[in-house]
*Asks:* 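Structure in structure tokens, see below.
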Amino acid sequence: MVERDAIAPTEAPSSPARACRPPRGMRRVRTRHTSRFTVVPNDLAQHTHLSLRARGLGLLLLSLPDGADVSIRGLATRLNEGEIAIGRALRELETAGYLTRRVIRLTDGRVITRTTVRDIPTTENEQPTDQDVPDATHEPPTAAPEPAPEPAPDAANPSTPPAEPTPPTPQTTRPAAQPLAPAALTAGTRLLINLAAREPRLTITAAALPELAALCEQALAADITPDQIHRTLTSNLPTEIRSAAALIRHRLTQHLPVWKAAAAIRDRQKASPATTQHGLHIAPSPAAARWTECADCARPLRAATPDGLCGNCRDDLAA
């Protein structure tokens, strides 16, 4: 029987072909660039404490020209990333010292944010100087405008007087609101004023006062006390009240029908002891008879007897 040899390597370890084989891992193919390229230090590209998103954003910022829009919203429109992720990456670069942001006030009063990107991080002791990036506040002084030349007099009409300047239009001021006279304070008006004193958030304007005062007077006419109206208007108030007049109007209009119906029922009950329900005349039910006791043995009796005794006691007394 012929035994097969074990599988041998195709090349001997000492063969020259194996020595020329490229090393394992990545191979780099370099191309010489003469335009549109950016030099990035390895300290930034291989930073161990920065995330991959922050390093990629730092490479993008170094590749942009001066004056580019590098705000969070501007970068979000340029990249396929959200504003939260971009803001987090900018803070990482700022903490590492590759990016600085300063708030600058211009000569015209505008406030801008000056962002400076560096390929070498700055230390804590180093302060950003204006030599790194020209500051927008250093604007060249502008020359004062020359006064306009006066018009030459008309040779044809030398006696024409110059046009008189138009006087400024007087500004009309709105007269101050007059306080309410005591005679004009109705019961509803006093109720709303007291309500505003107790709860300042329910203070209304003078324009809404007559309408709401009329609603309050309708509630008072329905035998609703002012304290009950105050509780209705001030209970369970929202945290933020946008319109006090709208809130008061809504609560009064929601409760007025019930208050008026209850007042009508009370008036009807006072007028006649009998009530009408579904077209039927219902008389009030008589009071239930109370149980009585025997005067001798104290036995309960269903009905009072003339002598006040039960049957057994009456028989014993007769015997």
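Keep in mind that the numbers below use all heavy atoms, side chains included, and drop hydrogens, waters and symmetry copies.
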*Asks:* Within this structure, what is the OG1-CG distance for the pair Thr38 and Leu64, rounded to the nearest 0.5 Å?
*Replies:*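 Here the rounded value is 8.5 Å.
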*Asks:* I need the Tyr98 OH to Asp43 CG distance, nearest 0.5 Å.
*Replies:* 5.5 Å
*Asks:* Does Arg299 use its side chain to pair, donor to acceptor, with the backbone of Gly311 at less than 3.5 Å?
*Replies:*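 Here the side-chain-to-backbone pair does not exist.
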*Asks:* Begin with the C-alpha distance, continue with both residues' side-chain angles, and end with the deciding distance and a verdict on side-chain contact (heavy atoms from CB on, under 4.5 Å) for Leu93 and Leu61.
*Replies:* CA-CA 11 Å; Leu93 293 174; Leu61 296 178; 4.2 Å; yes
*Asks:* Does any part of the side chain of Leu192, heavy atoms only, come nearer than 4.5 Å to the side chain of Cys216, both counted from C-beta?
*Replies:* yes
*Asks:* Is it true that atom CG of Asp66 has more than 12 heavy atoms of other residues, nucleotides or ligands lying nearer than 6.0 Å?
*Replies:*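 No, not enclosed.
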*Asks:* Minimum heavy-atom separation for Pro257 and Gln254, please, with both atom names.
*Replies:*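 Nearest pair, atom of Pro257 first, then Gln254: CD-O, 3.8 Å.
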*Asks:* What's the spacing between Leu202 CG and Ile241 CD1 if we round to 0.5 Å?
*Replies:*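 These two atoms lie 5.0 Å from each other.
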*Asks:* Taking the inter-plane angle between the rings of His49 and His47 on a 0 to 90° scale, is it parallel (under 30°), tilted (30 to 60°) or perpendicular (over 60°)?
*Replies:* perpendicular
*Asks:* Please round to the nearest 0.5 Å and tell me the distance separating atom OG1 of Thr232 and atom CG of Leu252.
*Replies:*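 It is 8.0 Å, given to the nearest 0.5 Å.
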*Asks:* What pair of heavy atoms forms the shortest contact from Gly188 to Glu217, and how long is it?
*Replies:* N-CG, 3.6 Å
*Asks:* How close do Leu191 and His230 get, heavy atom to heavy atom, and via which atoms?
*Replies:*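 Between these two residues, the closest heavy atoms are O-NE2, 3.5 Å.
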*Asks:* Which distance, rounded to the nearest 0.5 Å, do you find between the CD1 of Ile248 and the CD of Glu199?
*Replies:* 10.0 Å
*Asks:* Has Arg53 got a side-chain atom pairing as donor or acceptor with Ala89's backbone, closer than 3.5 angstrom?
*Replies:*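 Looks like no, no N/O pair under 3.5 Å.
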*Asks:* Looking only at atom types and distance, does a side-chain atom of Arg55 sit under 3.5 Å from a main-chain N or O of Ala45, one as donor and one as acceptor?
*Replies:* yes
*Asks:* Are the side chains of Leu57 and Glu81 in contact, using a 4.5 Å heavy-atom criterion?
*Replies:*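 Result no, sub-4.5 Å side-chain heavy-atom pair not found.
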*Asks:* To check you understand the geometry: which heavy-atom pair defines the closest contact between Gly87 and Ile72, and what is its length?
*Replies:* CA-CD1, 3.9 Å
*Asks:* For residues Ile229 and Leu220, determine if any side-chain heavy atom of one lies less than 4.5 Å from a side-chain heavy atom of the other.
*Replies:* yes
*Asks:* Verify, without hydrogens or angle tests, whether Arg266 (side chain) and Ala222 (backbone) share a donor-acceptor contact under 3.5 angstrom.
*Replies:*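 Yes; judged by distance alone, with no hydrogens or angles, the pair exists.
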*Asks:* Can you tell me if CZ on Arg249 sees more than 12 non-hydrogen neighbours from other groups inside 6.0 Å?
*Replies:* yes
*Asks:* Could you check whether any side-chain heavy atom of Arg198 comes within less than 4.5 Å of a side-chain heavy atom of Thr234, counting everything from C-beta outward?
*Replies:* no
*Asks:* Is the backbone of Leu256 close enough, under 3.5 Å, to the side chain of Gln218 for a donor and an acceptor to pair up by distance?
*Replies:*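 No: the side chain of Gln218 does not pair with the backbone of Leu256.
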*Asks:* Could you grab the distance from atom OG1 of Thr100 to atom CD of Glu94, nearest 0.5 Å is fine?
*Replies:* 7.5 Å
*Asks:* side-chain contact (heavy atoms from CB on, under 4.5 Å) between Leu79 and Leu60: does it pass, once the steps are laid out?
*Replies:* CA-CA 10 Å; Leu79 305 175; Leu60 172 66; 3.5 Å; yes
*Asks:* So which atom in Leu44 and which in Gly58 form the shortest heavy-atom distance, rounded to 0.1 Å?
*Replies:*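 Closest approach of Leu44 to Gly58: CD2-C, 4.3 Å.
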*Asks:* Check whether any side-chain heavy atom of Arg251 sits under 4.5 Å from a side-chain heavy atom of Ser235, and report yes or no.
*Replies:* yes
*Asks:* Report whether Ile224 and Ile265 are members of the same hydrophobic cluster (ILVMFWY, side-chain heavy atoms less than 4.5 Å apart, transitive linking).
*Replies:*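 No.
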*Asks:* Considering all heavy atoms of both residues, which atom of Leu75 and which atom of Asp69 are nearest to each other, and what is their separation?
*Replies:*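 Leu75 and Asp69 have their closest heavy atoms at CD2-O, 4.3 Å.
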*Asks:* Under a 4.5 Å cut-off applied to non-hydrogen side-chain atoms, are Arg73 and Ile86 in contact?
*Replies:* no
*Asks:* Find out whether Leu247 and Leu237 are in side-chain contact, i.e. whether some heavy atom of one side chain is under 4.5 Å from a heavy atom of the other.
*Replies:*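 With C-beta onward as the side chain, the pair touches.
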*Asks:* Side chains of Thr305 and Cys310: does their closest heavy-atom pair fall under 4.5 Å?
*Replies:* no
